[in-house]
Each structure stands twice: as structure tokens, then as C-alpha cells.
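What follows is one structure encoded as C-alpha cells, with my remarks underneath.
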Amino acid sequence: DSGVTQTPKHLITATGQRVTLRCSPRSGDLSVYWYQQSLDQGLQFLIQYYNGEERAKGNILERFSAQQFPDLHSELNLSSLELGDSALYFCASSTSVSSPLHFGNGTRLTVT
Amino acid sequence: EDQVTQSPEALRLQEGESSSLNCSYTVSGLRGLFWYRQDPGKGPEFLFTLYSAGEEKEKERLKATLTKKESFLHITAPKPEDSATYLCAVQSGSGNTGKLIFGQGTTLQVKP
């Protein structure tokens, strides 16, 4: 158990809809990272937050947004969903910029 | 642009048959190289961090090594429970972020 909790585990929704994925980091970790994993793309970095502020941005679509709350949990919002957004979405947390990332077990999103 | 390439994509071994997985990288100032193990439907599980060329780390049947251009994950006398996808990732020294850039992974199958 990595200590990173993601909910829900599975999400099935229709094209055009909006969903919210939630992540609780390990106790004491200030950084939260979001990754997308699809079969053909591997693990792609989306965005990082550190203590409530955006720290780094990767290949995140404009339809996607994230935030980190004062209690350090984070949410990833995906809107105007397309079939191609179907993937596993992982959250990870770390103690510092040199530390390894610890991953949750992901949310599997299926867009129909 | 930081890049990570892993080979082979897939590897089948008999139980007890030792082998190595390769991870070659280009990065602007390596802060760390990370190895993860990922089981189907689960998040990546942290194995090792290597920081400088010549460094080696061991854990049970796994040994990771690092040079200036690549890293190897040596698997000695593997068992069926070692079957998983092994992911390599780099952390760049540029920018104040701990984000990891991942390779596509090597899927290992160990047959009894």
C-alpha cells in the first residue's frame, strides 16, 4: 500500500460529459502529480501541485484542469470528454523534488 | 527534450533464467533515475533510485546499475512472481519540479 488514495476506482461516462477524479496524498507529502496512462502512450505527466500551487505542467489538455486544496488533497477535472480520453489516471505524491513518487492505484475512465 | 527508451518491449524467461532490461535516456542534467514495477490494474511501485554513474542498488533478485547514458535492471534467477511491467523514469535537474518522465516499459513474463 503506497498510502496514496484515489477515488473512484472506475468511472464510465458518455462523450461530452464532465468528471472529477480525487486524490489523497501520503501523509506529509506536499507535492501531488497527475499522470495519464493509455496503451499507446504509456505514462504521460499532466500536472504537478506543490502545497496548493501549480508547480509544473505537462501535456495537459485545455479541457482538463486540476487543483490542490488546503488539506492537500487534489482533484482532476475532465470536461467535454471524448472517446480518446479513456485511460487510467494516476495520482502520485512525493516529499521533495528529489524524492521518488509514490503512486495510487488509479482511476480507470471509460468514455462511451 | 528529456527522453527515455526501454528495451526490449517484452521479455519471456524461464524460471531461473537470468537477464537484463535496458533503459537509455537523454536528459538535461540528471537528478535521478528511477525504476518502478507495475502489476496489471495497479499503480507503479517504487523499486530504486540511482543518482550518479557507477551507482548500483540491489533488492532481492533485482539489481539496478547506472552509466552516463543508460541504466540496466538485472534479474537474477527470476521467479514467476517477478512477472510484471518494469518502468524506468528520469528526473531532470532543471526546474523546481520532481516530475518523472517515463519510458514505455518492459513487460516481463517468467514461466515456471
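Protein chains get the first letters and strands the later ones, always in sequence-line order, with residue 1 at the start of each.
Transitive grouping of hydrophobic side chains (ILVMFWY, heavy atoms separated by less than 4.5 Å) keeps F34(B) and Y25(B) in distinct clusters. Note on Y50(A): it does not cluster hydrophobically with L76(A), by side-chain heavy-atom contacts below 4.5 Å among ILVMFWY residues. Hydrophobic clustering, with ILVMFWY side chains joined whenever heavy atoms are under 4.5 angstrom apart, groups L62(B) together with L66(B). No chain of hydrophobic side-chain contacts below 4.5 Å, direct or via other Ile, Leu, Val, Met, Phe, Trp or Tyr residues, connects F72(B) to Y86(B). Cluster annotation: V19(A) and L46(A) are assigned to the same hydrophobic cluster (Ile/Leu/Val/Met/Phe/Trp/Tyr, side-chain heavy-atom contacts under 4.5 Å, transitive).
Other residues, nucleotides and ligands place no more than 12 heavy atoms under 6.0 Å from the CZ atom of R108(A). Environment of CG in N59(A): sparse, with no more than 12 heavy atoms of neighbouring residues, nucleotides or ligands closer than 6.0 Å. Open room surrounds CZ on R12(B); 12 or fewer heavy atoms of other groups in view lie less than 6.0 Å from it. More than 12 heavy atoms of other residues, nucleotides or ligands sit less than 6.0 Å from atom CG of L83(A). Within 6.0 Å of NZ on K57(B) lie more than 12 heavy atoms contributed by other residues, nucleotides or ligands. Around atom CD of E53(A), no more than 12 heavy atoms belonging to other residues, nucleotides or ligands sit under 6.0 Å away.
With 3.5 Å as the limit, one finds a donor-acceptor pair spanning the side chains of Q37(A) and Q38(B).
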Where do V97(A) and R31(B) land on the side-chain contact (heavy atoms from CB on, under 4.5 Å) test, with the steps shown first? CA-CA 9 Å; V97(A) 293; R31(B) 178 181 286 156; 3.7 Å; yes
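Here S94(A) contributes atom OG and F46(B) contributes atom CZ; the two are 11.5 Å apart, rounded to the nearest 0.5 Å. Separation of atoms CD1 (I101(B)) and CZ (F45(A)) is listed at 7.5 Å; rounding is to 0.5 Å. Taken from CG in L43(A) to CD in Q104(B), the straight-line distance is 9.0 Å, to the nearest 0.5 Å. Annotation: the span from F103(A) atom CZ to E45(B) atom CD amounts to 12.0 Å, rounded to 0.5 Å. With values rounded to the nearest 0.5 angstrom, Y36(B) atom OH is found 5.0 Å from L101(A) atom CG.
Heavy atoms of S96(A) lying under 4.5 Å from chain B are absent altogether. The contact between T49(B) and chain A is made entirely by side chain atoms (from C-beta outward), counting heavy-atom distances below 4.5 Å. Of the atoms belonging to F48(B), not a single heavy atom falls under 4.5 Å from chain A. Both the backbone and the side chain of S98(A) come within contact range of chain B, with heavy atoms under 4.5 Å apart.
Between F102(B) and Y35(A), the distance separating the two ring centers is shorter than 6.0 angstrom.
Of the listed residues (Q48(A), Q6(A), Q41(A), K9(A)), the one with the most heavy-atom contacts under 4.5 Å to chain B is Q48(A). Top candidate by heavy-atom pairs under 4.5 Å with chain B, chosen from S31(A), P100(A), G42(A), A56(A), is P100(A). If you tally non-hydrogen atom pairs under 4.5 Å between each of H102(A), Q44(A), R55(A) and chain B, the highest count goes to R55(A).
Residues P44(B) and F90(A) have side chains in contact (heavy-atom distance under 4.5 Å, counting atoms from C-beta outward).
In this structure a side-chain-to-backbone donor-acceptor pair under 3.5 Å is present from N105(A) to G43(B).
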